[in-house]
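Some notes on the structure that comes next.
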Amino acid sequence: MLEIMPEKTFPKLNVVRRSGAECFHSGGSDASFNLLEFWQWSMSGLVDNTIRGVLAEFIVARAVGAPTVGTRDPWATFDLETPEGVKIEVKSSSYLQSWAQDRLSDINFGIAPSYAWDPEIGDFEGTPKRHADVYVFALLAHKDQPTIDPMNLDQWRFYVLPTTVLDKEFNGQKSLPLSRLETLAEPVRFDGIKATVLQARAREEI
């Protein structure tokens, strides 16, 4: 028997893409600052862990032709979907961080299975698993702090694995060190991401 979920008092919000020119406002009048200034203030630290992760998703989206004309959904069960229907999870890491370091960071990527979040019902559902078809591990590989620039695509390296390989090799494991990843996948540059993703998806279908 199909279970009918009760309607939520407050349904999922419809997020509208903004231009950055929108002004904050009060009492029917515009304030002297706008949304772009907020973005500049809060999002300029591209090496910062949380911002770098979103940036990596955007870079991969542009590489594979996934839509970026709308808005990112932070609650989706996977990060991106290509025009060919390949579902992608993007994970990022970096040798250099935004804080002071005594040495370069060890490279590890999160690969823990997770519950699916359903934004329509506002709750988790199902059992923990890896929901994408393919994982793209985005490494900001630059090691010279004065010249690090996450917008320079040449400073990134990308490793692609079918999810079936992760499930077989790592089962419920929560993290994947670079040393182990390199035994399973060759790094590619930005212009090689799409072909490698499609190849990985083809491997999964065999």
Side-chain angles (χ1 to χ4, degrees), residues 42-64 66 68 72 74 76-82 86-115 128-201 203-204:
S42 63
M43 300 291 288
S44 290
L46 299 181
V47 178
D48 191 69
N49 278 7
T50 54
I51 299 173
R52 187 192 67 236
V54 177
L55 177 64
E57 288 181 30
F58 178 78
I59 291 172
V60 174
R62 298 305 302 227
V64 301
T68 57
R72 175 178 178 266
T77 55
F78 52 88
D79 294 324
L80 308 169
E81 186 169 358
T82 74
V86 183
K87 299 176 179 65
I88 300 174
E89 184 74 17
V90 180
K91 299 295 183 182
S92 79
S93 192
S94 176
Y95 290 108
L96 290 168
Q97 309 299 331
S98 56
W99 56 80
Q101 296 172 260
D102 292 321
R103 60 181 180 83
L104 297 174
S105 293
D106 295 328
I107 302 301
N108 286 279
F109 297 95
I111 58 169
S114 63
Y115 287 98
K129 68 175 185 177
R130 299 182 177 104
H131 302 275
D133 302 315
V134 172
Y135 273 61
V136 176
F137 300 97
L139 172 61
L140 184 54
H142 200 66
K143 297 180 180 180
D144 180 55
Q145 190 187 55
T147 57
I148 192 167
D149 176 11
M151 294 181 68
N152 181 351
L153 300 176
D154 294 333
Q155 294 189 5
W156 292 83
R157 297 293 179 272
F158 304 89
Y159 301 80
V160 180
L161 279 179
T163 302
T164 50
V165 173
L166 290 175
D167 289 341
K168 178 182 178 182
E169 298 288 335
F170 306 104
N171 196 14
Q173 190 169 314
K174 295 182 179 180
S175 66
L176 174 60
L178 179 63
S179 57
R180 186 71 176 93
L181 175 59
E182 289 182 323
T183 68
L184 299 169
E186 293 289 334
V188 297
R189 295 177 179 268
F190 172 78
D191 58 3
I193 297 173
K194 182 172 184 177
T196 311
V197 164
L198 295 179
Q199 290 169 3
R201 183 66 177 96
R203 283 174 57 191
E204 190 169 71

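For the pair L140 and L96, the minimum side-chain heavy-atom distance is 4.5 Å or more. For the pair V136/L80, no side-chain contact is recorded, criterion being any heavy-atom separation below 4.5 Å from C-beta on. Counting heavy atoms from C-beta on, the side chains of V188 and R157 never come closer than 4.5 Å. Annotation: side chain of V134 is not in contact with side chain of F78 (no heavy-atom distance under 4.5 Å). The shortest side-chain heavy-atom distance between L166 and L176 falls under the 4.5 Å cut-off. At least one side-chain heavy atom of Q97 sits under 4.5 Å from a side-chain heavy atom of N49. Side-chain atoms of I88 and D133, non-hydrogen and from C-beta on, never get closer than 4.5 Å to each other. The side-chain heavy atoms of H142 and W156, taken from C-beta on, include no pair separated by under 4.5 Å.
Taken from OG in S179 to CG in D106, the straight-line distance is 9.5 Å, to the nearest 0.5 Å. Here the CD1 atom belonging to I107 is positioned 10.0 Å from the CD atom belonging to E182, to the nearest 0.5 angstrom. With rounding to the nearest 0.5 angstrom, the CD atom of E169 is 11.5 Å from the CG atom of L181. Atom CZ of R62 sits about 11.0 Å away from atom CG of L153, to the nearest 0.5 Å. In this structure, CZ in R180 is found 13.5 Å from CG in N108, a value given to the nearest 0.5 Å. Distance check: K143 NZ to S94 OG gives 11.0 Å after rounding to the nearest 0.5 Å.
Between T68 and A61, the shortest heavy-atom distance links the atoms CG2-CB, 3.6 Å. Smallest separation of non-hydrogen atoms from A185 and V160: CB-O, 3.6 Å. In terms of heavy-atom proximity, P128 sits nearest to P113 at C-CB, 3.9 Å. In terms of heavy-atom proximity, P150 sits nearest to L55 at CB-CD2, 3.6 Å. Residues D149 and Q155 come closest through the heavy atom pair N-OE1, 2.8 Å. Contact record, Y95 with Q101: O-NE2, 3.1 Å, taken as the closest heavy-atom pair.
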Pair I111-F170, side-chain contact (heavy atoms from CB on, under 4.5 Å): steps then yes or no: CA-CA 9 Å; I111 58 169; F170 306 104; 3.9 Å; yes
Does M43 form a side-chain contact (heavy atoms from CB on, under 4.5 Å) with L46? I'd like the steps, not just the answer. CA-CA 7 Å; M43 300 291 288; L46 299 181; 5.7 Å; no
Does T50 form a side chain to side chain donor-acceptor pair (under 3.5 Å) with D48? I'd like the steps, not just the answer. CA-CA 6 Å; T50 54; D48 191 69; 3.2 Å; yes
Please assess R130 against E89 for the test salt bridge (charged side-chain N to carboxylate O under 4.0 Å, His left out), listing each intermediate value before the final yes or no. CA-CA 9 Å; R130 299 182 177 104; E89 184 74 17; over 6 Å; no
For I59 and F158, run side-chain contact (heavy atoms from CB on, under 4.5 Å): C-alpha distance rounded to whole Å, both residues' side-chain angles, the deciding distance at 0.1 Å, then the answer. CA-CA 11 Å; I59 291 172; F158 304 89; 3.9 Å; yes
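Looking only at atom types and distance, the side chain of S92 has a donor-acceptor partner in the side chain of R52 under 3.5 Å away. In summary, the side chains of Y159 and E186 do not present any donor paired with an acceptor at a separation below 3.5 Å, with no hydrogens or angles considered. For the residue pair D167 and T164, no side-chain donor N or O sits within less than 3.5 Å of a side-chain acceptor on the partner.
Side chain of H131 to backbone of S114: a donor-acceptor contact under 3.5 angstrom is found. Checked by atom type and distance alone, the side chain of S93 never pairs as donor or acceptor with a backbone atom of L139 at under 3.5 Å.
Q145 CD: 12 or fewer foreign heavy atoms inside a 6.0 Å radius.
Ion pairing of K194 with D191 is absent here, as no side-chain N (NZ or NE/NH1/NH2) approaches a carboxylate O to less than 4.0 Å.
Taking the centre and axis of the six-membered ring of F137, the NZ or CZ atom of K91 falls outside the cone set by 45° and 6.0 Å.
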